Each structure stands twice: as structure tokens, then as C-alpha cells.
Amino acid sequence: MTKTETTMARGAQGETVNGTGAIDIRDTRTDRSYSVPILPPGTEGDTAVRAMDLRAIKTSPDEFGLMTYDPAFMNTASCMSAITFIDGDKGILRYRGYPIEQLAENASFLEVAWLLRNGELPSQSDYDGWVHDITFHTYVHENVRAFLAGFRYDAHPMAMLCSTVAALSSFYPEAKNIHDPQQRYISVIRLLAKVPTLAAFCYRHGKGLPFVYPDNDLGYVENFLSMVARMSEPRYEPNPIFCKALEVLFILHADHEQNCSTNAVRAVGSSHVDPFSAIAAGIAALYGPLHGGANEAVLHMIEEIGHPKNIPAFIDGVKAGKGQRLMGFGHRVYKSYDPRAKIVKALADEVFRQVGMDKDLEIAMELERIALGDDYFISRKLYPNVDFYTGLIYRSMAFPTAFFTVLFAVARTAGWLAQWEEMLTDKEQKIARPRQIYVGYPERPYTSKLTEKTPAVPKMPPRR
Ligand code: ACO
């Protein structure tokens, strides 16, 4: 006979859940039934149950209760967020409700950064104050020069950026007052202002060039290009097509809801560390080739292919799982064409009209054409993602391949900061601390094995 042990008529926070429905669960171990409320749908209809509600399902009162098992968060919402909306099946991306296509076409990157943080587009006076504050915090402490000088000439710029951003926390100890909205504001301004300066310094270090200080008469993107490329000219005049392209690429990369690096920023920030340390964690996560490092990996892949005639053999290797994946293809969320990739492709055409066709564009286009017609990619819903064409644009602007992910990090700082503040001000959030299912040894007594004879472990060869 089925007993209804618990009817969870209230959500875990104690609110009554009216008219949103519930799921009935019967535990075959105990023959007890449970009714788990379904949370009211989000604005776009997303539904969920609270994992904590499952804790009541247990076989005895002293048992821990049922958990959910979800490696890689394939089906777990870690927060409620009002910042970015993605519909991966329909290829939709919106920041605060505004379609990415319209923002890329009409807005500036700093306008988008304001929007992400504040939820609304800025008025002219909001915008002027925001741009002023960011512009006048672009300089970094002179000790940062000495810090960067400690890196080898061939250090990867993402490694340098990650550590210098983390090091900034030592210059601003008051940033740890994260519950003070004024301190949060100044930290947000400092990060948006100084990450481009640090990024440009990392570039110059790699090239062995003197650092170029910020020029506060220039706009955000122009100043960044000036710090990267200026030589002896008294006034740097950036190529307007490059400025436009970078502005659009920064907007496209500004946020992407709960991706790997944003999750890292939220998780690290949930320990209430200062935002410089939390953003450094985001940069570390972005560095990986399965995330922001993909734009760099796409270029290496195209160089390795070398010629369109080699594409079929390369694709066969990918399909056979022999070599690498088709980098720049596939996405955890998008199961159709990444809307950012469409904009980037059009942008690439514009840039190449100005600087000439990139020799590898032909390979990229042919790769895309073959993959989009191949059943392996179609059946797995693998389409080009934002990184497929960005690398080609960056290279035509003469950025070195290793620097591509740094450009991504400069832009994503805006989203990371908005998400970090949303997490901090969300009353439901606590320190991020997942559970595990322990599958190791049960308790066993300690008995030393140091006296046992085992085959000698080969010694590490001496370092040359
Ligand atoms: N090339 C070939 N096969 C692929 C690719 C790819 N790029 N991506 C996924 N697959 C295959 C997998 O082998 C798997 O096949 P199987 O079912 O036969 O085992 C199937 O598609 C599903 O792949 P998963 O790894 O389970 O998908 P997941 O959602 O975990 O991965 C990811 C998403 C990491 C982006 C993946 O598609 C990938 O590695 N792409 C290449 C790297 C890349 O471009 N990353 C940038 C992402 S965008 C960004 O971060 C800004």
C-alpha cells in the first residue's frame, strides 16, 4: 500500500507555491510518496525543482537524504539570473532583454557594460559619468611594471594577465569590503579600466616593447589599441574599421550567462574574496582550450590543415575521434548556429574587404561548409560557435594568436562583474560547495607499506 509520507506544499524557502504544479515521486525503497513543488517558471518558461526539496526523501530519519548527481552541471541551475538569456535551440542571445544583434549594431561596449551591471540602458548623464570614471582609472601602479618584468619573454599572455589581475588585489586591500556598494562600484570601475591596460602591457612585454600608458583623450577601444600598437607617433590614430570590429567583438563577448568562467567567478566570489581575485579565477577558467582558448586553438588547427585539399582527411580524423575536435564547433548550450558566430562572420567580411582576404579564411569557410553538410556534425547539432571566425579577424588585425583569449577576457570582465554582483546581492546564495558521492574505500586501519618491496619507480630525468 502507498503511504503519502510528505506533501511538500511549500518551497524550501517557505513560500507557498500556488498553481505551478508539483511532481509526485514514489520511493520504491520505502513505498513512500513525495510531492515536490515545481518552481514558478522563469520569464522564458524555465522550470525546475529545488534540489534541497529532495533531501526529505530518505529511508530512515538519520540518513542524509537524496541528492542530485549532475557532473558538469548538465542540468542544474545554480542561480536565478536576470542578466543574460540564451535559447540554445533557437540561437537567441539577449542581454537584459535586448537582442545581441541590436546591441552589436547600435551600442558601445561601455554602454553594454553599464546595461549588464544596472539592468537598464544608461541615460546620457549616467553614461558620461560611467565613461569618465572608467577613463580616469586606466592607469596602474608603477610596481605592476616590475611585476610583469619578472615574466619570461615567452610567457603566455593569459598566464600574465591572470596573475597581474590577481596581484591588483594587493594594491586595493579595501576591495575586500564587498558588502559596501561604494567599494563594489570602485572595484568594478577599476577592473573595467585596468584590465585593458594590463592586457596591453602583457602584449608589449611579449614583444619586448616599452609599455604605452593610457591616453585619456581616447575612447575605450581606441585607447586599448593605442596601448597595444603605438610606437613613436605623438598621437595614435587607430584604423576605424579595426575600432568598430573590436567594439562589436567586445559586445559579443561581454557576457554569456553561466559558462565555465562565469561559474568560476561566482564560485570563487561566493567565498566573499575580493573581486580582483574572483575575476582572476574567471581568467584562469577562460584560458582553457575548451572555453575561451578555443579561438587560439582554431587558428592552430587551420594552420595544421594547411590547405583546403587536406580538409576531408582532417574531418575523417575528427569523426573517428583520432585527433583533436573540430575547434570552434559545438557548444554546451547552442544546438543551432551561435547567433554571435553569424555577426562575427559578417564582421570578418567587412574587415577582410579592408585588409585583404586572409589566406586561411578559405580553409575556414570550406571547413564550415563540409562540417555543416556532414551527418556526424548534423546529428550532434554541432555548429560554428563564436570562436570559429574571431581568430581570423584578430589575426588580420595583427594580434598574435596567443593574445586572442586575452581580448576575450577584456570583454568578458564586464559580464563577470555583473554576475559577481548579482551573486553577492542574491539572498539565496551561499558559499558554493557542491556535494559528492563518495566511492572510495570504506574505513580501514593504517598499516605502513614503506617496508614492502615494489618495483623501483623510474627517477625523473634531470632538467636540461
Ligand atoms: N568536434 C567533434 N566532435 C564534437 C565536437 C567538436 N568540436 N564537440 C562535440 N563533439 C561531439 C562529442 O565527441 C560527442 O560525441 P559522441 O556523442 O559521439 O560522444 C558529442 O559531440 C557531444 O559532445 P560533448 O563533449 O558531450 O558536448 P559538450 O556540451 O560537453 O561540449 C564543447 C561542448 C566543450 C564546447 C565541445 O563542443 C567542444 O569541445 N568544442 C570544441 C571547443 C570549442 O570550440 N570551444 C568553444 C566553446 S564557445 C566558448 O567557450 C566561448
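All ligand and atom numbering here is 1-based and tracks the order in the structure. Values in this document were obtained by computation on a predicted structure and should not be read as measured data.
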Legend entry - Any protein heavy atom nearer than 4.0 Å to atom 48 (S) of ligand 1: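 True for atom 48 (S) of ligand 1.
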Inset, instruction - Kindly state if atom 1 (N) of ligand 1 has a protein heavy atom within a strict 4.0 Å cut-off, that is, under 4.0 Å? - result: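 There is a protein heavy atom less than 4.0 Å from atom 1 (N) of ligand 1.
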Give yes if a backbone or side-chain nitrogen or oxygen of [X] is under 3.5 Å from a nitrogen or oxygen of ligand 1, and no if not.
X	value
L290	yes
D387	no
F329	yes

On a heavy-atom basis, I'd like to know which of [options] is closest to [atom].
atom	options	result
atom 44 (O) of ligand 1	P384, G328, A341	G328
atom 15 (O) of ligand 1	H331, H256, R380, K335	R380
atom 42 (C) of ligand 1	H291, R325, Q324, M327	M327
atom 28 (P) of ligand 1	R340, R332, R412	R332

Legend entry - Charged tip of R325 within 45° of F329 ring normal and under 6.0 Å: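 Judged by the rule, R325 and F329 form no cation-pi pair.
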Got a salt bridge between [X] and [Y], using NZ or NE/NH1/NH2 to carboxylate O under 4.0 Å?
X	Y	result
R266	E421	no
R50	D53	no
R395	D360	yes

Legend entry - Atoms in ligand 1 with a heavy atom of F408 nearer than 4.0 Å: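 So the atoms of ligand 1 that pass are 51 (C).
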Inset, instruction - For residues 363-378, pull every pair meeting salt bridge (charged side-chain N to carboxylate O under 4.0 Å, His left out), keeping only residues two or more places apart or in separate chains. - result: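 Checked against salt bridge (charged side-chain N to carboxylate O under 4.0 Å, His left out) - neighbours excluded - the pairs reaching residues 363-378 are K319-D374, K345-E368, E366-R369.
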Inset, instruction - Would you list the pairs meeting salt bridge (charged side-chain N to carboxylate O under 4.0 Å, His left out) in which at least one residue belongs to residues 274-284, sequence neighbours left out? - result: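 For residues 274-284: none.
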Inset, instruction - Indicate the ring-plane relationship of F211 and F201, choosing parallel, tilted or perpendicular according to the 30° and 60° boundaries. - result: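 Judged by the thresholds at 30° and 60°, the geometry between F211 and F201 is parallel.
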Inset, instruction - Run the contact test for F388 against ligand 1 with a 4.0 Å cut-off on heavy atoms, strictly below, and give the result. - result: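 Heavy atoms of F388 never come under 4.0 Å of ligand 1.
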Legend entry - Side-chain heavy-atom pair Q354, N239 within 4.5 angstrom cut-off: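 With C-beta onward as the side chain, the pair touches.
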